[in-house]
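To start, the structure itself, in structure tokens.
Since we're looking at a predicted model, the values are computed, not measured. Quick note on labels: first sequence line is chain A, next is B, and so on, each numbered from 1.
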Amino acid sequence: MPALSVWMVRLSLLHLVTGSGLGALLLASREMPRLAEIGGGLWGFRNVHLETLLVGFMVQLALGVAFWILPRVGGERPRAWQAVAGALLLNAGVLAAAGGGAWEAEAWALAGRSAEATAALLFAVHAWPRVRRLRGA
Amino acid sequence: MAMPKISRVFVLTALVYLALAMVAGILLAGLGTPDAGPGFSGSGSLGSVALLRPAWIHLITVGWLTQLIFGVAIWLFPRPDGHADPGGTDLWLCYGALNAGLLLRVASEAGPALGLSVGLLPLSALLQFVAVLVFVFHVWPRVRRS
């Protein structure tokens with residue numbers, strides 16, 4: 001597993017723990033109203049739960065494994081810098097979008113989503129030539 | 001690489017949840033539409049349809065997607081020390097907790113719509129979170145350069 005994949009998968013697991021922990025608190029608070037008062041109102045962090053799990057965990061895990069597993073071109077992963085830049089933007093985007101959603105800062109939410117979209121585009125450009133038939137397959 | 005039993009169980013269970021979620025989605029769409037036709041009524045005996053929506057979403061995201069991810073990751077990630085089968089007690093605990101938690105959630109959320117009071121959401125939340133922690137603790141050392 002290449003270093004970038006290790007980083008992305010581990011970050012995705014951290015997002016999983018964060019997002020599911022928050023989700024567990026949100027779920028439990030529906031029958032334990034005092035929990036809902038944590039942090040000035042737990043339900044205000046619902047967007048953090050969504051962003052960390054859907055993008056931080058699922059999308060990042062998929063991209064991290066794809067970077068590892070997709071066929072290499074001439075034994076190399078060409079233009080890997082695009083995948084690295086994508087990983088950085090994705091994580092920055094999740095933080096910005098989640099924070100923007102939690103604190104109702106629309107500019108941050110917009111910036112975060114834009115960063116995530118750019119990350120997806122960068123990764124797609126990196127991965128496109130690697131989606132190909134293997135010799136003999 | 002042969003698929004270990006625990007992975008097969010996770011993936012097959014995920015497929016079952018996918019089917020359940022699709023059926024739940026049809027019911028949700030039908031029950032929420034007053035003019036959906038005979039047998040489908042927005043104000044039928046199943047009460048507030050909105051209560052079923054979070055359950056439906058989590059059948060897809062936890063029951064199908066997350067469980068599929070767990071099963072495939074357990075199968076494919078590098079195995080430490082050449083261990084042939086990663087299916088230890090911790091992973092079976094993870095499987096049990098995740099599914100018990102999710103089923104409790106669905107029962108607790110759908111219960112009021114059926115006039116029942118289940119009231120086990122905090123336990124459901126704890127079980128699902130424990131399952132996630134067990135999975136992460138298992139898989140973390142397997143995420144390494146190879």
Side-chain angles (χ1 to χ4, degrees), chain A residues 1-38 42-43 45-70 72 77 80 87, chain B residues 1 50-51 54-55 57-58 60-62 64-80 94 97-98 101-102 104-109 111-112 117-146:
Chain A
M1 193 184 281
L4 179 62
S5 293
V6 171
W7 276 102
M8 290 182 79
V9 172
R10 285 185 175 173
L11 283 168
S12 77
L13 293 175
L14 291 176
H15 282 292
L16 172 63
V17 172
T18 306
S20 57
L22 192 52
L25 286 173
L26 287 167
L27 182 62
S29 74
R30 286 168 56 184
E31 288 177 5
M32 298 170 69
R34 283 204 172 179
L35 264 183
E37 295 163 20
I38 292 175
L42 205 55
W43 282 90
F45 293 92
R46 185 171 168 267
N47 282 341
V48 180
H49 165 66
L50 293 173
E51 204 75 30
T52 51
L53 285 179
L54 293 178
V55 185
F57 167 53
M58 287 189 181
V59 171
Q60 180 158 218
L61 180 68
L63 297 184
V65 172
F67 183 78
W68 169 33
I69 287 248
L70 285 175
R72 286 177 253 188
R77 295 180 177 93
Chain B
M1 196 189 317
L51 292 170
I57 289 170
H58 289 84
I60 295 174
T61 54
V62 180
W64 158 238
L65 283 171
T66 301
Q67 194 146 208
L68 179 69
I69 287 169
F70 282 14
V72 175
I74 289 164
W75 172 32
L76 283 186
F77 279 4
R79 296 177 191 186
C94 172
L98 188 73
L102 185 56
L104 271 178
R105 179 193 184 129
V106 172
S108 295
E109 285 177 325
S117 176
V118 181
L120 291 170
L121 287 179
L123 177 60
S124 161
L126 180 64
L127 284 170
Q128 291 178 78
F129 187 55
V130 164
V132 163
L133 289 179
V134 171
F135 171 76
V136 171
F137 272 108
H138 169 86
V139 91
W140 188 273
R142 296 176 61 185
V143 179
R144 58 199 181 95
R145 301 282 309 264
S146 59

Q: For each of B/Ser108, B/Gly101, B/Pro78, B/Ala125, tally heavy-atom pairs with chain A at distances under 4.5 Å, and name the one with the top tally.
A: B/Ala125
Q: Could you tell me whether the side chain of B/Phe77 reaches within less than 4.5 Å of the side chain of A/Val9, counting heavy atoms only?
A: yes
Q.
Quick check for you: to the nearest 0.5 Å, what is the distance between B/Ile74 atom CD1 and B/His138 atom NE2?
A. 5.5 Å
Q: Enter the distance from A/Leu16:CG to A/Leu53:CG here, rounded to the nearest 0.5 Å.
A: 6.5 Å
Tell me whether [X] contacts the main-chain N or O of [Y] through its side chain, where contact means a donor paired with an acceptor under 3.5 Å.
X	Y	value
A/Ser20	B/Phe129	no
B/Ser124	B/Leu102	no
A/Arg77	A/Phe67	yes

Q) At a heavy-atom separation under 4.5 Å, does B/Leu120 approach chain A through its side chain, its backbone, both, or neither? A) backbone
Q) Which bit of B/Phe135 comes within less than 4.5 Å of chain A, counting heavy atoms only: side chain, backbone, both or neither? A) side chain
**Q.** Proximity of residues 26-33 of chain A to chain B, residues having a non-hydrogen atom under 4.5 angstrom
**A.** A/Leu27, A/Ala28, A/Arg30, A/Glu31, A/Met32
Q: Look at atom CH2 of A/Trp68 and say whether more than 12 heavy atoms of other residues, nucleotides or ligands are closer to it than 6.0 Å.
A: yes
